[in-house]
Amino acid sequence: MNNWSAPAQQALVTVPDWVQSLVNWQQPYPDDTAKMTLAIELSRQNVLKKTGGPFGSAIFDRASNQLLAVGVNRVLPLHNSTLHGETVAIMLAEQRLAAFTLASDTGRELFTSCEPCAMCLGAVLWSGVNRLVCAGTAADARAIGFDEGPVFNQSYQYLQNAGIEVVRGFMQNQAKAVLDFYASSGGTIYNGRNG
């Protein structure tokens, strides 16, 4: 006998309410530091407020530096293993633009508090962004117990060959501090093989 309820007819993707008070939707984020500071702060607040895992992302229009969408990890609270910070940001940006792609003449960029897992690297490729900037490393995430899947240097080369500029390790120490805080405060390490 199982505990299953009726089959789901939809899945909800939301960010926590606190995001609205943290994010400045009107003012451009002028440089990489401001953009990554937002992504890392999203991850930090997600841990502090216990609304998900220690990962945050933000998507910007490259010409205007305007913020299009943010995402934080929502795996545990929304019961969905695909709701990583990157995928949430991509889904919400595409909904905002009413488009299946973020590709544009001026370009879009995704800033993320940690290098993407295997699933999120695929989502980055298919999203249409043409720049990916990462803070913490996959090794930082693995060090506290997360399984990032089959991600290799060739994975990043594949993105670059597809026309996506990749920057890794930008503000790594600040992002790693959030991961370490999550682990030291007893945050749940969730992988598909543990539950």
Side-chain angles (χ1 to χ4, degrees), residues 15-25 27-62 65-77 83-90 92-93 108-121 123-124 127 129 131-149 151 153 155-156 159 164-191:
V15 292
D17 292 340
W18 58 260
V19 167
Q20 294 310 316
S21 62
L22 175 74
V23 173
N24 184 338
W25 295 98
Q27 180 178 325
Y29 288 75
D31 55 31
D32 286 359
T33 299
K35 294 170 185 175
M36 186 59 80
T37 297
L38 175 62
I40 294 170
E41 185 60 19
L42 287 162
S43 70
R44 190 173 80 79
Q45 290 299 321
N46 212 35
V47 173
L48 289 172
K49 299 193 184 302
K50 300 184 183 314
T51 52
F55 304 101
S57 298
I59 297 175
F60 301 87
D61 180 80
R62 291 186 73 177
N65 292 319
Q66 285 296 139
L67 179 64
L68 294 177
V70 299
V72 292
N73 183 285
R74 302 289 281 154
V75 170
L76 294 173
L83 295 183
H84 293 193
E86 298 93 337
T87 57
V88 170
I90 290 166
L92 294 177
R108 306 275 166 59
E109 55 192 350
L110 187 151
F111 282 71
T112 185
S113 66
C114 189
E115 290 177 342
C117 70
M119 174 186 69
C120 291
L121 276 175
V124 167
S127 72
V129 298
R131 186 169 188 243
L132 169 66
V133 183
C134 312
T137 67
D140 296 335
R142 285 187 185 100
I144 66 167
F146 285 104
D147 181 351
E148 300 302 278
V151 177
N153 285 330
S155 306
Y156 289 99
L159 293 180
I164 300 171
E165 178 188 345
V166 176
V167 177
R168 298 167 70 188
F170 181 70
M171 297 177 63
Q172 177 187 358
N173 291 338
Q174 295 91 321
K176 183 180 183 310
V178 175
L179 293 169
D180 292 343
F181 173 69
Y182 182 76
S184 68
S185 63
T188 301
I189 303 300
Y190 44 88
N191 294 308

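Counting begins at 1 with the first residue of the sequence.
Considering only residues two or more places apart in sequence or on other chains, S113 meets the side chain to side chain contact (heavy atoms under 4.5 Å, CB included) condition with I40, S43, F55. The side chain to side chain contact (heavy atoms under 4.5 Å, CB included) search around A143 returns none, not counting sequence neighbours. For Q172, the side chain to side chain contact (heavy atoms under 4.5 Å, CB included) partners are T137, D140, not counting sequence neighbours.
Closest approach of L38 and V23 over heavy atoms only: CD1-CG2, 4.2 Å. The shortest non-hydrogen separation linking G52 to P77 is CA-CD, 4.1 Å. Minimum heavy-atom separation, L132 to I164: N-CG2, 4.1 Å. Closest of all the heavy-atom pairs between S57 and L42 is O-CD1, 3.5 Å. Here the closest non-hydrogen pair linking Q66 and P28 is OE1-CG, 3.2 Å. The two residues A141 and C114 come nearest to each other via the heavy atoms CB-SG, 4.0 Å.
In this structure, CZ on R108 lies 13.0 Å from CZ on F60, to the nearest 0.5 angstrom. If you take CZ on F170 and OG1 on T112, they are separated by 13.5 Å, rounding to the nearest 0.5 Å. Here the straight-line distance linking atom CG of L68 with atom CD of E109 works out to 9.5 Å at 0.5 Å rounding. How far OG1 of T87 is from CE of M119: 4.5 Å, rounded to the nearest 0.5 Å. Taken from CG in N46 to CD in E41, the straight-line distance is 11.0 Å, to the nearest 0.5 Å. Annotation: the span from D32 atom CG to R131 atom CZ amounts to 4.0 Å, rounded to 0.5 Å.
Taking 4.5 Å as the limit, every side-chain heavy atom of V72 sits out of range of all side-chain heavy atoms of V88. A 4.5 Å side-chain heavy-atom check between K35 and N65 finds at least one atom pair inside the cut-off. A 4.5 Å side-chain heavy-atom check between V70 and L92 finds every atom pair outside the cut-off. The closest side-chain heavy-atom distance from L110 to P116 is not below 4.5 Å. Between E86 and V129, the closest side-chain pair of non-hydrogen atoms is not below 4.5 Å. Proximity of H84 to C117: side-chain heavy atoms (C-beta onward) are separated by under 4.5 Å at one or more points. Within the 4.5 Å cutoff, side-chain heavy atoms of Y29 are placed close to those of L67. Side-chain atoms of N153 and R168, non-hydrogen and from C-beta on, do get closer than 4.5 Å to each other.
Listed for the E115 side chain is a donor-acceptor partner under 3.5 Å among the backbone atoms of A138. Remark: side-chain polar atoms of R74 are paired, donor with acceptor, to backbone N or O of T51 under 3.5 angstrom.
Of the N and O atoms on the side chains of N73 and Y182, not one donor lies less than 3.5 Å from an acceptor on the other residue.
Atom CG of N24 is surrounded by more than 12 heavy atoms from other residues, nucleotides or ligands within 6.0 Å.
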